[in-house]
Student: 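After the structure tokens below, expect a handful of questions from me.
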Amino acid sequence: MLVGIVFWVLAVVAVTAGAAVFVVDSMARATYALALSFIAVGVQILLLGQSYLGIITILMMVMEMAVMAVYMVMFMGMNPALMPMDMTHGKKTAIVASAGVFVLLAAGALLVPWPQRRGVPPEDVTHALGLEIMGEKMLVMAVVGPVMVATIVAGVVLAAHRTRYDRLGDDLRRRPADDPQPGGVGR
């Protein structure tokens, strides 16, 4: 009973936070709202007994939101918490499309006959699901993490106007250093 109540409370949180993404007036607030929505869905998955999927959903989505915030600051040159923005482009089209998709999915969930279970579930559902998802693709998943880190580092390097070594010149021998503001290191 309590799990059911918590599940539905999380459902309301997920939908409300998801809707808040399009209502708030800053990218930082939209990012936090989206992260909260994904965390609520991840906890719902945990409540359904799918530990692996729940934890992966939470970790992936929180990291995705963190990367998105970093890229907002780097490439947009803005303070996402203070700069106002509007995420409601094509408002009428979006409302009609989302209402249509909702009606279609709800009709499918309510009207389509659900299949009956054949066989019995494995003893450890989480382990079986992990093997099914990651089985032959473990090498790919092991490579994706370092590639993502390299992408973030490359993005920071490319977005940086100056590095700490620029003030010392190309050969790193300029003395005193050419600091943009007095009082820098090397003076």
Side-chain angles (χ1 to χ4, degrees), residues 6-7 10-11 13-22 24 26-81 83 85 87 89-90 94 97-98 101 104-105 108-109 115 117-168 170-172:
V6 172
F7 182 88
L10 287 169
V13 169
V15 171
T16 304
V21 171
F22 300 97
V24 297
S26 84
M27 291 183 102
R29 291 184 185 105
T31 301
Y32 290 137
L34 192 56
L36 177 63
S37 178
F38 284 132
I39 290 170
V41 170
V43 174
Q44 283 182 307
I45 294 170
L46 287 173
L47 288 175
L48 293 173
Q50 298 300 316
S51 305
Y52 177 77
L53 283 181
I55 295 297
I56 290 298
T57 300
I58 293 169
L59 291 177
M60 283 179 47
M61 294 306 141
V62 168
M63 287 308 299
E64 180 183 336
M65 296 302 111
V67 168
M68 186 170 78
V70 167
Y71 275 88
M72 277 190 291
V73 173
M74 280 191 324
F75 291 119
M76 299 174 98
M78 59 181 275
N79 181 344
M83 184 166 273
M85 58 109 198
M87 292 203 37
H89 312 291
S98 62
V101 168
L104 183 69
L105 292 174
R117 177 188 299 271
R118 287 182 243 155
V120 295
E123 189 174 311
D124 186 357
V125 177
T126 302
H127 182 263
L129 183 62
L131 288 177
E132 197 64 36
I133 291 173
M134 300 290 284
E136 299 170 3
K137 297 162 187 71
M138 184 56 84
L139 180 61
V140 174
M141 297 307 285
V143 171
V144 167
V147 168
M148 287 180 66
V149 170
T151 303
I152 293 170
V153 170
V156 171
V157 169
L158 291 174
H161 178 67
R162 288 175 46 111
T163 67
R164 61 184 178 165
Y165 300 110
D166 286 342
R167 60 192 185 82
L168 300 175
D170 289 338
D171 60 359
L172 302 177

Student: How close do Ala35 and Met65 get, heavy atom to heavy atom, and via which atoms?
Tutor: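 Result for this residue pair: CB-CG, 3.5 Å.
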Student: Side-chain contact test, heavy atoms from C-beta onward, threshold under 4.5 Å: evaluate it for Ile58 versus Leu46 and give yes or no.
Tutor: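 Yes, side chains in contact.
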Student: Counting heavy atoms not belonging to Tyr32, are there more than 12 under 6.0 Å from its OH?
Tutor: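 Counting other residues, nucleotides and ligands, OH of Tyr32 stays at 12 neighbours or fewer.
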Student: For the NE2 atom of His127 and the CG atom of Leu131, what is their distance to the nearest 0.5 Å?
Tutor: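 His127 NE2 to Leu131 CG: 4.0 Å, rounded to 0.5 Å.
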Student: For residues Leu47 and Leu10, determine if any side-chain heavy atom of one lies less than 4.5 Å from a side-chain heavy atom of the other.
Tutor: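 Heavy-atom side-chain distance check passes, below 4.5 Å.
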Student: Quick one: closest heavy-atom pair of Gln44 and Phe7, and the distance?
Tutor: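 So the minimum-distance heavy-atom pair works out to NE2-O, 3.0 Å.
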Student: Which heavy atom of Val21 sits nearest a heavy atom of Ala33, and at what distance?
Tutor: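 Closest pair (atom of Val21, atom of Ala33, distance): CG2-CB, 3.9 Å.
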Student: Where is the tightest heavy-atom contact between Val125 and Pro122, given as atom of each residue plus distance?
Tutor: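 Closest pair (atom of Val125, atom of Pro122, distance): CG2-O, 3.6 Å.
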Student: Any side-chain to backbone donor/acceptor pair from Thr57 onto Leu53? Under 3.5 Å, distance only.
Tutor: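 Indeed, once roles are kept as given, a pair shorter than 3.5 Å links the two residues.
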Student: Which heavy atom of Ile45 sits nearest a heavy atom of Gly54, and at what distance?
Tutor: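 Heavy atoms of Ile45 and Gly54 come nearest at CG2-N, 3.4 Å.
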Student: Please round to the nearest 0.5 Å and tell me the distance separating atom CD1 of Ile39 and atom CG of Leu34.
Tutor: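 The CD1 atom of Ile39 sits 10.0 Å away from the CG atom of Leu34.
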Student: Measuring from atom CG of Leu59 to atom CD of Glu64, what distance do you get when rounded to the nearest 0.5 angstrom?
Tutor: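 Between atom CG of Leu59 and atom CD of Glu64 there are 12.5 Å.
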